[in-house]
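To find a chain, count down the sequence lines: A is the first, B the second, and so on, and within it residues start at 1. Side-chain atoms are counted along with the backbone in the values below, which use heavy atoms only and exclude waters and symmetry mates.
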Protein chains: 2
Amino acid sequence: MAITKAKLFNTSQKRTSELMKALGHPARIAIIELLAERETCICGDITDELPLAQSTVSQHLKALKKAGIIQGEIDGVRTCYCLSEEGIEDLNELFVPLIKNLTTATQKNCC
Amino acid sequence: MAITKAKLFNTSQKRTSELMKALGHPARIAIIELLAERETCICGDITDELPLAQSTVSQHLKALKKAGIIQGEIDGVRTCYCLSEEGIEDLNELFVPLIKNLTTATQKNCC
DNA sequence: ATCGTTTATCGTAAATTTACGATTAATATA
DNA sequence: TATATTAATCGTAAATTTACGATAAACGAT
């Protein structure tokens, strides 16, 4: 990737792909499912639920945080994680209409 | 990635992340938007619409095809591309409920 | 003050992704 | 038949991702 021409894609294309990329790993899907299931902040025990080393889980959490899908708040020695409104809103505003669009388009497809 | 423990994630987590990964690049979002917009097969001129070399676009098309999001049919010298029902169905069955789940969970969040 | 717990970060290795130009294969067209 | 067109593939380079263990930083408990 010598040259990045990313500037030539529009804002919503870039944001959408950023969100999708953040969700492009089974561990990160598992993490957000966990956070949704508990419906509350989870302090740390995410690592116990995943078949990955602590440092790797921490890296995945960082990726989700960077994309704005989750947020983490330090609480003593531990860190409490929960879903971030911002990212979920973006998923609803960007991705839900896109899927709907794709669905109707597919039905009118010639193949 | 010396060791892949992917077998320890469940099928829907793996399929969901596979779809997300395929959509994790602005060029590939642009491609599916193009295919949806035209509502018909597009023979080749996708390259003209993107700020990328022909070989790179071909690579992105291959990635979308591998994930089952688009399909391509050879038609003479050209190849006709369109959205694939299979992939769009999977997006509806796997991702739409997930977003809904995340949304209600976020509303009940403590942070 | 010391010790244990928790989690982020560092260093590192291997795999994958992204991008390009060049080439190839297949089909139209002149 | 020769030539142009289209699109996939090859070869390659650079960046990024994924994973791990080791370490460090911060806090709580003893």
Side-chain angles (χ1 to χ4, degrees), chain A residues 1-9 13-14 17-31 34-35 41-67 69-82 111, chain B residues 1-9 13-14 17-31 34-35 41-67 69-82 111:
Chain A
M1 193 174 50
I3 303 159
T4 311
K5 295 187 180 171
K7 55 193 141 182
L8 296 164
F9 295 104
Q13 285 167 343
K14 281 188 277 184
S17 63
E18 184 184 36
L19 288 166
M20 295 303 103
K21 196 177 182 182
L23 298 176
H25 191 289
R28 296 196 289 269
I29 296 292
I31 289 171
L34 246 172
L35 292 177
C41 288
I42 296 185
C43 289
D45 41 339
I46 300 171
T47 304
D48 302 333
E49 312 274 353
L50 298 181
L52 294 168
Q54 180 267 323
S55 57
T56 307
V57 174
S58 191
Q59 244 176 201
H60 283 302
L61 288 166
K62 196 178 178 183
L64 287 167
K65 211 154 107 182
K66 195 183 156 208
I69 295 172
I70 68 171
Q71 56 189 108
E73 203 179 307
I74 294 165
D75 172 28
V77 220
R78 330 190 102 235
T79 305
C80 288
Y81 284 102
C82 60
C111 38
Chain B
M1 193 174 50
I3 304 160
T4 311
K5 295 187 180 170
K7 55 194 141 180
L8 296 165
F9 296 104
Q13 286 167 341
K14 282 188 277 184
S17 63
E18 184 184 35
L19 288 166
M20 295 302 104
K21 195 176 184 184
L23 299 176
H25 192 290
R28 295 195 289 267
I29 296 291
I31 289 171
L34 245 173
L35 293 177
C41 288
I42 295 185
C43 287
D45 41 339
I46 301 171
T47 303
D48 300 333
E49 312 273 353
L50 298 182
L52 294 168
Q54 181 266 323
S55 57
T56 307
V57 173
S58 192
Q59 245 176 200
H60 283 301
L61 289 165
K62 197 179 178 180
L64 286 168
K65 211 155 108 183
K66 195 184 157 208
I69 295 173
I70 67 170
Q71 55 190 108
E73 203 179 306
I74 295 165
D75 172 29
V77 220
R78 328 191 101 235
T79 305
C80 288
Y81 283 103
C82 59
C111 40

Should A/K21 be listed as having a side-chain N or O under 4.0 Å from OP1 or OP2 of D/dT17? yes

Nucleotide C/dT7, atom P - distance to CD1 of A/I46 in whole Å: 8 Å

A/L52 side chain near A/H60 side chain, heavy-atom distance below 4.5 Å: yes

Scan B/T56 against the nucleic acid and name what it touches under 4.0 Å (heavy atoms): base, sugar-phosphate only, or nothing. base

Please say whether more than 12 non-hydrogen atoms of neighbouring residues, nucleotides or ligands are located less than 6.0 Å from CD in A/E49. yes

I want to verify a distance call: between D/dG21, C/dG21, D/dA19, whose nearest atom is closest to the A/L52 side chain? D/dA19

Hey, is the side chain of B/Y81 poking within less than 4.0 Å of OP1 or OP2 on D/dT6, counting only N and O atoms? no

Check step by step if side chain to side chain contact (heavy atoms under 4.5 Å, CB included) holds for A/Y81 and A/L34. CA-CA 10 Å; A/Y81 284 102; A/L34 246 172; over 6 Å; no

Have a look at A/K65 and say if it touches a base, only the backbone sugar-phosphate, or nothing, with a 4.0 Å heavy-atom cut-off. nothing

Whole angstrom is fine here: how far is it from NE2 in B/H25 over to P in D/dA15? 15 Å

Reading DNA chain D from 5' onward, which residue's closest nucleotide shows up sooner: A/K66 or A/I74? A/K66

Tell me the closest heavy-atom pair linking A/L23 and B/M20, and the distance in Å. O-CB, 3.4 Å

D/dA19 phosphate, OP1 or OP2, under 4.0 Å from A/H60 side-chain N/O: yes

For B/T79, answer base if it contacts any base atom (sugar-phosphate contacts may also be present), sugar-phosphate if it contacts only those atoms, and nothing otherwise; contact means non-hydrogen atoms under 4.0 Å. sugar-phosphate

Does the side chain of B/S58 get closer than 4.0 angstrom to OP1 or OP2 of D/dA8 through an N or O atom? yes

Give the rounded distance in Å between these two atoms: CG of A/L8 and P of C/dA19. 11 Å

Measuring to OP1 and OP2 of D/dT18, would you say a side-chain N or O of A/R28 lies under 4.0 angstrom away? yes

Length of the line joining A/I70:CD1 and C/dA8:C1', which is rounded to integer Å: 13 Å

In whole Å, what is the span from the CD atom of A/Q54 to the C1' atom of C/dG4? 15 Å

Quick one: does B/S58's side chain get under 4.5 Å of B/Q54's, heavy atoms only? yes

Just the rounded figure in Å: distance from P of C/dT27 to CG of B/D75. 11 Å

Nearest to side-chain heavy atoms of A/V77, which nucleotide of D/dC27, C/dA28, D/dC20: D/dC27

For the base of C/dA8, is there a side-chain donor-acceptor partner from A/Q59 under 3.5 Å away? no

Nearest-angstrom distance from the residue atom CZ of B/R78 to C1' of D/dA7: 10 Å

Specify the separation, in whole Å, of atom CG of A/L50 and atom P of C/dT7. 13 Å

